[in-house]
Structures are given as C-alpha cells and as structure tokens.
Amino acid sequence: MRKKFYVTTPIYYVNDKPHIGHAYTTILADVLARYHRLMRVPTFFLTGTDEHGQKVARTARLGGISPQEQADRTVVRFQELWQRLEISNDDFIRTTEVRHKRIVQKVLQILFEKGEIYRAEYDGWYCVACERFFAEKDLVEGRCPEPGCGREVERVRESNYFFKMSRYQDWLIEYINRHPEFIRPDFRRNETLGFLRKKLDDLCISRPKKRLDWGIELPFDRDYVTYVWFDALLNYLTGVGYLEDEERFRTWWPASCQLVGKDILTTHTVYWSTMLKALDLPLPETVFAHGWWLVGKDKMSKSAGNVVDPLSFVERFGADAFRYFLMAEMPLGQDANFTAESFLRRYNAELANDLGNMVNRVVTLVIKYFGGRIPEPGLTGCEENQLEQVTLDAARGMLKTVEQMQIHSGLGGLMNAIREGNRYLERKQPWVLAKQSNLRELATVLYTAAECLRVVSGMLYPVMPSKMAELRRTLGIEEQPDFDNITRWAILPAGAAVRTPGRLFPRIEEAVQMTGQDKPESTVQSPISVSGLQPIEYADFQKLELRTAVVVAAEKVSGADKLLRLEIELGDQKRQIVAGIAQHYNPADLEGKTIIVVANLKPVRIRGIVSQGMLLAASDGQRVRLLTLDGDLPSGSVVR
Ligand code: MSP
C-alpha cells in the first residue's frame with residue numbers, strides 16, 4: 001500500500017474553452033484520487049491552467065483583450081466544468097498567480113547561479129500551437145514535427161537564455177532504463193528512449209520581451225520572459241509548496257502519478273526530468289501518457305467542426321454517466337473513439353439495464369414483501385457463495401487495476417458481477433418465491449443481491465460519486481463507502497430502511513438516431529448548420545438500403561411519450577419500427593402514408609419492442625417532418 005498519492009493533470013492553456021480531452025485527463029485524475037482516498041491513502045490532487053505564452057497572447061490580441069483578461073475569462077470555464085463534473089481537486093493553480101511566479105523566478109535564479117543557464121544566439125523554429133522550439137534538422141517537410149501537429153513554424157533568430165539540458169542526456173537514458181515504472185505504458189518509454197537516441201540540444205528558456213512580453217520575467221535579465229513550458233512544468237512543484245513550505249513539499253513530492261496526453265510526453269519525460277535533476281530533486285514516480293479521443297475515427301479539431309463539448313454532454317446525460325463512459329470505453333494508454341452510438345450502447349446496456357434493473361428488482365421486492373426493510377438472510381447455499389465470490393473478486397480486481405492503470409478492465413469486472421447478480425435473480429426467481437410465500441428463501445435472495453449491489457456501488461463510487469451515493473441511499477446505506485466495507489461480505493445490516501428507487505439511469509430513447517447523427521448532438525452546433533460536416537465515401541453511402549414503405553398501423557408506445565410503434569409494409573414484408581415522433585404526429589394521421597426507411601439496419605430493442613428499421617425525418621431542432629414520396633410508387637422501392 002502506498003504511503004501517499006500525489007496526482008497531477010497537465011495545466012490547460014486558456015486560449016480556448018475546455019474540450020473532451022481536457023475533461024478526460026481531469027476525470028481520470030479525479031477517479032485515481034478518489035480510489036486512493038477510498039483506500040485511505042493520503043491524497044493530493046492538483047490541476048490548473050497554463051496562462052502565459054504566445055498562444056494565449058495571440059488569442060487575446062485577436063479578441064481585442066489583454067492576455068490577463070483572456071485568462072480570467074477562460075479559467076472560469078474550466079473551473080465551472082470541473083464543478084459540474086464533480087472533480088475533487090485539492091488545489092487549482094494558475095500560472096499567473098503570484099505564488100507561482102515568485103517560485104519560478106527563484107528557480108531561475110538558483111539555476112542561473114549554479115551555471116545551468118547561459119546566454120547564446122538562438123537560430124531555429126517555433127511552433128505556437130505546441131509552444132515548442134525546434135532545430136531546422138528536426139522539422140518534417142519544413143513543418144512542426146510533433147505527431148498530430150504538422151503546423152507551420154515561425155523562424156526565431158535572437159539572443160536568448162539556454163538551460164544546459166544536453167549534459168543530462170546519458171544520465172536520463174540510464175535513469176529511464178533503471179526505473180521501468182517512470183514512463184508508462186511501456187511503449188511510451190520506448191518512444192522517449194527513441195527520442196534520446198538523437199543528440200539532445202540545450203533548451204531555449206527565454207523570449208525577448210520585445211517579441212513577447214506575456215510571461216514571467218527572468219530575475220537576472222529584465223528584457224526577457226521565461227519560455228512558457230519552463231514556467232508551466234514548475235506548477236507541479238509550486239502547487240505543493242516548493243521553496244515556501246518545506247514540510248508540505250516533503251509530504252507530497254515526488255509526485256506519484258503525473259498524467260499527460262501522448263502529445264506532451266517529451267516535455268514531461270525529457271525537459272521536466274532534466275529540470276528536476278538540475279534542481280537536485282527526485283523525479284516523479286510515474287509519468288503516465290494516455291491516448292487521444294478521436295471522434296468517429298478522426299482527430300478532433302476546430303476546423304473539422306467535431307470538437308466534443310463536455311458541458312453540453314453533461315447537461316444532457318449527467319456527469320456520472322459521462323464519467324463512467326470515458327473511463328470504461330478507453331483502455332488506458334490507447335486511443336479511443338467517441339460516438340453517440342457507443343455512448344448510448346454502454347449507457348443503456350450497462351447503466352440503465354444491468355445496474356438500474358437490478359436495483360429496481362431488489363428494492364421493489366424488499367418494499368413489497370418486507371415492509372421496506374432489508375431482511376435477515378436465512379441459510380446460504382452454493383449459488384449465494386458464488387455470487388459473493390464473483391463480487392468480491394471484482395471489487396479486489398478493481399483496486400488492482402487502479403494500481404496497474406487498467407481502469408476500464410476493473411469496471412468491466414464490476415459490471416460482470418452485476419450481470420452475475422441479475423442471472424442469480426433470474427435463476428432464483430424471487431417474484432415466484434414471493435407468490436409461493438416462501439419468505440425465508442426470498443429474504444436470502446434479496447439480501448444476497450443487495451450485498452452484491454452494495455459492494456459494486458462502493459467500488460463504482462469514485463467513478464460515479466453522485467449516482468452511487470443515490471443508489472446506496474436507496475439500499476438504506478447512508479455512510480460513504482470505505483475500503484474495509486466494500487471488500488467484505490455480509491455487512492449490510494438487516495433492518496436497514498430502503499427507499500423507493502428513483503430513475504437512477506433513465507433509458508435514453510433512440511431519438512438521437514432519428515436525425516441520422518452518428519455523433520453526439522453536442523458536436524453539431526445547430527441542426528440547420530451545415531458547416532463542418534464530415535465527408536464520407538460514396539461506398540459508405542451505398543451501404544444504406546433506403547426503401548419506400550407504407551404505414552399500415554400506428555400506435556403510441558405505452559410509458560414512452562416520445563415513441564410510436566409503426567407497422568409497415570416493405571415490399572413483400574411486414575415489419576414494425578419504433579420511431580421517436582410521437583410528439584409530432586398523431587398515429588391515425590400516419591396510416592396509409594408512404595415513408596422512407598433505412599431497411600438494412602440491424603434490429604434493435606426499444607422499450608422491449610423490436611424495431612426493424614428506421615424512418616427518415618427532417619428536423620430543425622424543434623419541428624419534425626417525415627420524408628414522404630412525391631407521387632406513387634409501390635412500397636419497397638429503392639431510394640437513391
Ligand atoms: N499547457 C500544456 C500542458 C502544460 S503541463 C505543464 C498543454 N495544454 S493543452 O490544453 O493543450 O492540453 C492539455 C492536455 O489535453 C494534454 O495532455 C493533451 O494530450 C490533452 N488532449 C488534447 N486533445 C486531446 C484528445 N482529443 N483526447 C485526449 N486528450 C487530449 O498541452
């Protein structure tokens with residue numbers, strides 16, 4: 001067990017509002033912090049914003065405001081989002097704060113006096129997007145060599161200050177080889193070692209004020225400001241009291257886990273390591289580089305118009321579901337795809353169905369047959385023991401996967417325990433036991449299932465803090481989950497008062513699909529805006545079998561105010577489809593209409609009804625109009 005856990009996120013540039021990439025790293029850090037708190041490991045979680053540099057200065061200039069104003073306006077968007085996402089950071093550092101600037105200047109002075117910094121002519125190239133200097137030889141076809149960047153670079157020829165990074169090259173290679181846990185996953189370690197195979201240059205760490213004055217002034221030369229990365233990386237030290245509060249600093253440094261995206265691996269494993277070495281400070285235990293979220297296989301970018309805005313997603317589906325999806329979907333270290341389809345699939349299958357149904361089943365029966373009190377279990381048999389085993393294994397597995405940075409697989413194990421719980425209920429048929437008035441066995445079954453839910457909800461708590469607290473209150477548990485309790489069985493006290501289950505994860509109707517979107521709605525600025533659409537190949541379009549169909553009958557789906565069930569004639573077939581148009585059409589008005597359907601969609605179950613296709617309709621965001629035929633053609637006709 002660790003003695004302490006200090007986790008950091010990169011600090012985010014304030015040139016633009018946060019996107020899903022920022023949200024992901026911060027949620028990941030939050031989840032790690034919460035798991036460690038659950039294990040009663042003293043934890044410190046730091047995040048913040050990177051506010052200096054050319055990128056922010058340029059955005060401010062374009063907006064006609066000062067860089068400080070740009071930072072002040074944008075930082076609140078990050079802070080608000082973190083609140084909405086229930087991020088439990090212990091501190092938030094802004095690089096324009098005095099507490100940070102003071103220490104950066106002290107560090108510069110120390111290194112200058114130690115002879116680690118010298119002045120020389122710089123002749124090279126600068127990428128503003130990456131805020132990185134590159135030598136001519138390192139450019140790729142004259143552009144920024146960073147994977148995924150490739151933007152134009154600017155020529156820089158000026159007198160500057162340099163940090164003697166190159167002298168640490170051999171030491172760093174040896175350090176990395178001797179500390180396999182320092183750079184994770186393994187293939188990222190190899191990437192850094194690959195980078196270190198070329199001769200390391202010294203690091204230019206200044207910008208003359210006459211070219212850029214938005215930065216921290218060099219204490220030994222007032223005509224210069226510090227290079228933004230040199231300033232930013234030091235936040236990990238200033239955030240825990242370096243050179244100001246020795247005790248606090250000794251408590252937390254070295255960091256246990258520094259999370260970064262794969263694009264900022266070099267800055268964190270080469271620049272940062274050598275800076276720490278020059279300061280005689282130990283290196284962080286681990287720098288962990290995660291992969292990127294792609295949107296429908298593409299890189300997210302403003303110009304492609306596919307940037308996922310986490311806030312609108314959270315507003316629609318809730319912070320917990322969003323957090324769960326991001327953690328469950330991305331195998332740590334690799335890239336992953338963000339689509340509305342995969343979100344809905346996971347949400348409906350795992351949260352609404354598996355978890356939501358099990359809670360409803362158990363609590364409803366406890367209310368009906370035991371007056372709302374968790375019953376005392378009777379004798380348990382091998383099926384109960386098996387569920388206990390699977391659940392506790394999943395719980396211990398979850399903690400192991402946190403240590404191994406394999407969170408998605410730990411979550412998979414927990415969901416598997418829930419599915420096992422549902423299978424147990426299906427085998428035991430508590431509703432039949434109730435009808436047979438076999439209350440003794442019913443008590444055992446409900447208690448066992450409730451225990452499974454108690455353990456799993458405790459283990460899922462760091463990922464979905466609000467919803468799992470709600471679930472636990474439903475089961476009659478008021479206190480916060482605790483490591484001891486959630487790795488043991490038979491803890492739930494008989495007699496605990498359950499509550500009527502609310503709709504923990506209401507099913508999301510397939511209405512999102514109706515507009516034909518394959519992306520979360522939040523990525524589309526407005527339903528009638530057509531800019532930024534993603535082109536597809538003709539071959540992709542050809543995969544769709546669009547056909548005419550005649551509506552034979554239509555009716556409302558009971559309990560779903562948006563859905564209609566339509567019986568359609570499609571050539572020589574009769575089919576039924578479920579469509580989210582109940583608020584726009586009366587069932588009776590549809591009968592006899594010829595509509596257009598996607599005839600080769602895999603059937604899906606919506607509200608328990610199999611839908612064998614999807615109709616086409618247009619929408620401006622408010623109104624919905626069905627696509628119909630301008631003339632007479634038989635049903636089943638091909639639409640091209
Ligand atoms: N300010 C620097 C970090 C300084 S740390 C001392 C910076 N900021 S950033 O705002 O551009 O990016 C912050 C993080 O967001 C990076 O870790 C980056 O990898 C991550 N992401 C940006 N786009 C992303 C995705 N599409 N998916 C996942 N993470 C991505 O770099």
Side-chain angles (χ1 to χ4, degrees), residues 7-29 46-57 59 70-71 74-75 77-78 81-82 92-96 100 104 107 127-132 144 146-149 151 188 191 215-216 226-239 255 257-273 275-276 284 287-302 304 306-310 325-327 329-339 523:
V7 61
T8 65
T9 72
I11 50 173
Y12 306 112
Y13 289 127
V14 286
N15 61 314
D16 209 347
K17 63 179 186 182
H19 59 57
I20 190 182
H22 307 123
Y24 173 71
T25 322
T26 314
I27 292 171
L28 175 60
L46 181 69
T47 187
T49 40
D50 189 353
E51 305 191 350
H52 291 124
Q54 205 163 325
K55 195 160 156 145
V56 173
T59 310
Q70 168 71 27
T74 312
V75 72
R77 307 186 75 155
F78 281 91
L81 180 63
W82 300 159
F92 186 99
I93 190 154
R94 300 180 59 181
T95 53
T96 52
H100 174 76
V104 171
V107 166
C127 171
V128 178
C130 300
E131 298 272 26
R132 297 266 308 271
C144 175
E146 275 301 285
C149 181
R151 289 188 184 77
R188 297 286 173 211
E191 204 176 303
I216 299 174
T226 322
Y227 167 45
V228 63
W229 269 102
F230 196 86
D231 151 5
L233 286 162
L234 288 169
N235 91 87
Y236 303 132
L237 299 181
T238 59
C257 179
Q258 301 213 259
L259 296 172
V260 297
K262 62 180 182 181
D263 52 319
I264 53 173
L265 180 74
T266 312
T267 47
H268 280 82
T269 54
V270 180
Y271 298 4
W272 183 220
S273 311
M275 283 165 68
L276 288 167
V287 172
F288 190 97
H290 64 72
W292 272 37
W293 281 99
L294 308 174
V295 173
K297 303 214 159 40
D298 295 314
K299 211 185 142 201
M300 223 168 44
S301 78
K302 255 185 163 175
N306 63 354
V307 177
V308 179
D309 173 6
F325 175 74
L326 295 187
M327 292 301 108
E329 185 78 3
M330 183 180 258
L332 256 172
Q334 293 165 31
D335 289 348
N337 243 299
F338 192 96
T339 63
T523 68

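All ligand and atom numbering here is 1-based and tracks the order in the structure. Here, residue 1 is the first one in the sequence, and each next residue gets the next number.
Ligand 1 has H268 within reach: a non-hydrogen atom of the residue lies less than 4.0 Å from it. At least one heavy atom of G291 sits less than 4.0 Å from an atom of ligand 1. Residue contact annotation: Y236 has a non-hydrogen atom under 4.0 Å from ligand 1.
Between Y13 and T59, the side chains place no donor N or O within less than 3.5 Å of an acceptor N or O (distance only, hydrogens not considered). In summary, the side chains of E51 and T95 do not present any donor paired with an acceptor at a separation below 3.5 Å, with no hydrogens or angles considered.
In this structure, Y24 has its ring center under 6.0 Å from that of W293.
Salt-bridge annotation for E131 and K55: absent, with no side-chain N of the basic residue lying under 4.0 Å from a carboxylate O of the acidic one.
In this structure, atom 14 (C) of ligand 1 lies nearest to the protein heavy atom Y12 CE2, 3.9 Å. For atom 26 (N) of ligand 1, the closest non-hydrogen atom on the protein side is W293 O, 3.1 Å. Of the protein's heavy atoms, Y13 CD1, 3.3 Å lies nearest to atom 8 (N) of ligand 1. Of the protein's non-hydrogen atoms, H22 CD2, 3.7 Å is the one closest to atom 15 (O) of ligand 1. Given atom 24 (C) of ligand 1, the protein heavy atom at minimum distance is G21 CA, 3.7 Å.
The ligand atoms of ligand 1 that sit less than 4.0 angstrom from a heavy atom of D263 are 18 (C), 19 (O).
For the residues D335, I264, L265, L28, the heavy atom positioned nearest atom 31 (O) of ligand 1 is part of I264.
Between atom NE2 of residue H22 and atom CD1 of residue I27 there is a gap of 12.5 Å, rounded to the nearest 0.5 Å.
By the 30° and 60° cut-offs, the orientation of the rings of F338 relative to F325 is perpendicular.
The presence of a protein heavy atom under 4.0 Å from atom 22 (C) of ligand 1 is confirmed.
No more than 12 heavy atoms of other residues, nucleotides or ligands shown are found within 6.0 angstrom of NZ on K17.
Backbone and side-chain nitrogen or oxygen atoms of P10 are examined, and none is located within less than 3.5 angstrom of a nitrogen or oxygen of ligand 1.
A side chain to side chain contact (heavy atoms under 4.5 Å, CB included) with I11 is found for one member of D231, L46, I93, T47 and no other, namely I93.
Looking at Y24 against ligand 1, nothing comes within 4.0 Å, counting heavy atoms. Contacts with ligand 1 closer than 4.0 Å are made by side-chain heavy atoms of H290 only, the backbone lying farther away.
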